[in-house]
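What you see below is based on every heavy atom in this structure, not just the backbone, and it leaves out hydrogens, waters and symmetry mates. Convention: sequence-line order gives letters A, B, ...; per-chain numbering from 1.
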There are 2 protein chains.
Amino acid sequence: MADSGHGPRERMVFSAAQLIRREGVAATGMRDVAAHAGAPRGSLQHYFPGGKEQLVNEAVGWAGRYAGKRVARFLAGLDEPTPSGLFAAMAAQWTDEYRRDGFAAGCPVAAATVECAAAGTSTREAVAAAFATWRGPVAEALTGMGVPAARADSLATLMISTLEGAVLMARAEQDVRPLTTAVRELGPLLDAAVAPS
Amino acid sequence: MADSGHGPRERMVFSAAQLIRREGVAATGMRDVAAHAGAPRGSLQHYFPGGKEQLVNEAVGWAGRYAGKRVARFLAGLDEPTPSGLFAAMAAQWTDEYRRDGFAAGCPVAAATVECAAAGTSTREAVAAAFATWRGPVAEALTGMGVPAARADSLATLMISTLEGAVLMARAEQDVRPLTTAVRELGPLLDAAVAPS
DNA sequence: ACCTGGCTATGACCGTCGTCATAGTAGCGG
DNA sequence: CCGCTACTATGACGACGGTCATAGCCAGGT
């Protein structure tokens, strides 16, 4: 689909993330990744001598950086920045995709967590790092809106975990309602944190 | 471990749920399930002629019913029932397990959702049903505490999605902090819904 | 012309997994 | 003892997946 990366290596990482999003880690084969990226199969072992584990870890890392960068864009797109506005924008990315393309895909970091948390140590560290590089910008944005530093990190964690759970339930029920519910119910709580107590 | 079911069939469903919780659906083999249940391999095709898909679906259904029944127990264990108390009890089940046994296991329904939402239709319906049989008792408990019926379902959805996301992040970070944070931040919001506005 | 090194291209190996086929055992009514 | 049914026991099959091995390109340098 989208070449999305200049080199073939980046395309493979991107394709891996896309396939993991849909089918999960175990169901995503190396051959599938190469085919989806339009890359030769032989390039896999050349660019990723660490095998599938390395590829998955890089895909997870890419997803984490992508999510972190999106936060900055969401902030720029808000006419007046509020915590609830940021959260709504984060959720809207999912509702838009689900309404447009169906509920085929979820979060690749969540998939890697579910399937690899008990097994490989390196992948577990990769998902932890991905969540950290996602939570950082969110917490930073919250402090920039006037949320006390002590609570900003907690609220960022809450936003991300609620969003992940809502994405999960939305896929299960094939309905965006969990996402819209989360935005509606959580919004006031988030905005109430801007004025220092 | 726990025989936990009278018949061998129930033991296999239970074992399947346990293994899916830890390793995911794809990484859980039929042979592993039989071994974990202490059941003969041949019993699998006898009790589950629908193959792995049927076994997974039943494991997911079992998990949903289990979660639904737990809600009643949590209610009974609260000296005075409040929404935040219920949510804290639901989260405590996870924090207790994680502190006691480590972060090896997650929610089997979440695992099945992540790995099967795009593929099999029957499993997707099974996870949707599981979430429904979980959300029902929670919403019912909320109305019993004085939450308006209109909001009870929304709050139940919010509680479950936040809990699922927090479980996910807790496993990723090997830290119960996401769970405790969710309880602390979400509690006041939930209790604020008891008095009709 | 020749070597080097980044990359591509395939085929093969080996393990695993879900499933099927077939045979065996245990209990039981008659 | 027979026949029936429920369940157990194992071996085999076919498919697939990750990885390794080997060989083929095709620059660019000298």
Side-chain angles (χ1 to χ4, degrees), chain A residues 3 5-60 108 111-112 114-116 118-123 126, chain B residues 3 5-60 108 111-112 114-116 118-123 126:
Chain A
D3 286 10
H6 314 72
R9 191 183 195 282
E10 289 157 306
R11 281 211 318 274
M12 284 192 274
V13 173
F14 174 78
S15 290
Q18 290 294 109
L19 292 178
I20 290 171
R21 245 162 69 81
R22 282 197 261 281
E23 313 286 349
V25 173
T28 296
M30 301 287 270
R31 294 166 171 83
D32 303 341
V33 172
H36 183 274
R41 225 185 75 204
S43 299
L44 279 172
Q45 63 182 297
H46 183 255
Y47 288 115
F48 307 97
K52 189 177 188 178
E53 189 172 350
Q54 180 186 358
L55 179 59
V56 170
N57 293 355
E58 295 205 21
V60 168
V114 163
E115 299 189 66
C116 306
T121 305
S122 78
T123 303
Chain B
D3 285 9
H6 313 71
R9 192 183 194 281
E10 290 158 306
R11 281 212 318 274
M12 284 193 273
V13 173
F14 174 77
S15 290
Q18 289 295 109
L19 293 178
I20 289 170
R21 245 162 69 80
R22 282 196 261 281
E23 313 285 349
V25 173
T28 297
M30 301 287 269
R31 293 164 171 85
D32 303 340
V33 173
H36 183 272
R41 225 185 74 204
S43 300
L44 279 171
Q45 63 184 297
H46 184 255
Y47 289 115
F48 307 96
K52 187 176 188 178
E53 189 172 350
Q54 181 186 359
L55 179 59
V56 170
N57 294 355
E58 296 205 23
V60 167
V114 163
E115 299 187 65
C116 305
T121 304
S122 78
T123 302

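Between atom CD1 of residue A:I20 and atom CZ of residue A:R22 there is a gap of 11.5 Å, rounded to the nearest 0.5 Å. The OG atom of B:S122 sits 9.5 Å away from atom CD of B:Q54, with the distance rounded to the nearest 0.5 Å. Separating the CG atom in A:L55 from the CZ atom in A:R9 is a distance of 8.5 Å, to the nearest 0.5 Å. One distance of note links CD of A:E10 with CD of A:E58; it measures 10.0 Å at 0.5 Å rounding. The OG1 atom of A:T28 lies 10.0 Å from the NE2 atom of A:H36; values are rounded to the nearest 0.5 Å.
Between A:L44 atom CG and D:dA21 atom C1' the separation is 16 Å, expressed in whole Å.
Contacts between residues 17-31 of chain A and DNA chain C, defined by a heavy-atom separation under 4.0 Å, are made by A:R31. Residues from residues 46-56 of chain A placing a heavy atom under 4.0 Å of any atom in DNA chain D, listed by number, are A:G51, A:K52.
Between the side chain of A:R41 and the base of C:dG11, at least one donor-acceptor pair of N or O atoms lies under 3.5 Å.
Taking every heavy atom of both residues into account, A:V33 and A:S15 meet most closely at O-CB, 4.0 Å. Across all their heavy atoms, A:K52 and A:V25 have their closest contact at NZ-O, 3.2 Å. Heavy-atom minimum distance, B:M12 versus B:S43: CE-CB, 3.7 Å. B:E115 and B:A26 get closest at one heavy-atom pair: OE1-N, 3.1 Å.
Look at B:S43 and you won't find any side-chain N or O under 4.0 angstrom from OP1 or OP2 of D:dC7.
Recorded end-axis angle for the helix from C:dA1-D:dT30 to C:dG30-D:dC1 stands at 10°, based on five pairs per end and rounded to 10 degrees.
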For side-chain contact (heavy atoms from CB on, under 4.5 Å), just list the numbers for B:V13 and B:F48, CA-CA rounded to whole Å, side-chain angles, deciding distance to a tenth of an Å, and then say yes or no.
CA-CA 10 Å; B:V13 173; B:F48 307 96; 3.7 Å; yes
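The side chain of B:Q45 approaches D:dT10 more closely than any other nucleotide in the set C:dA9, D:dT8, D:dT10.
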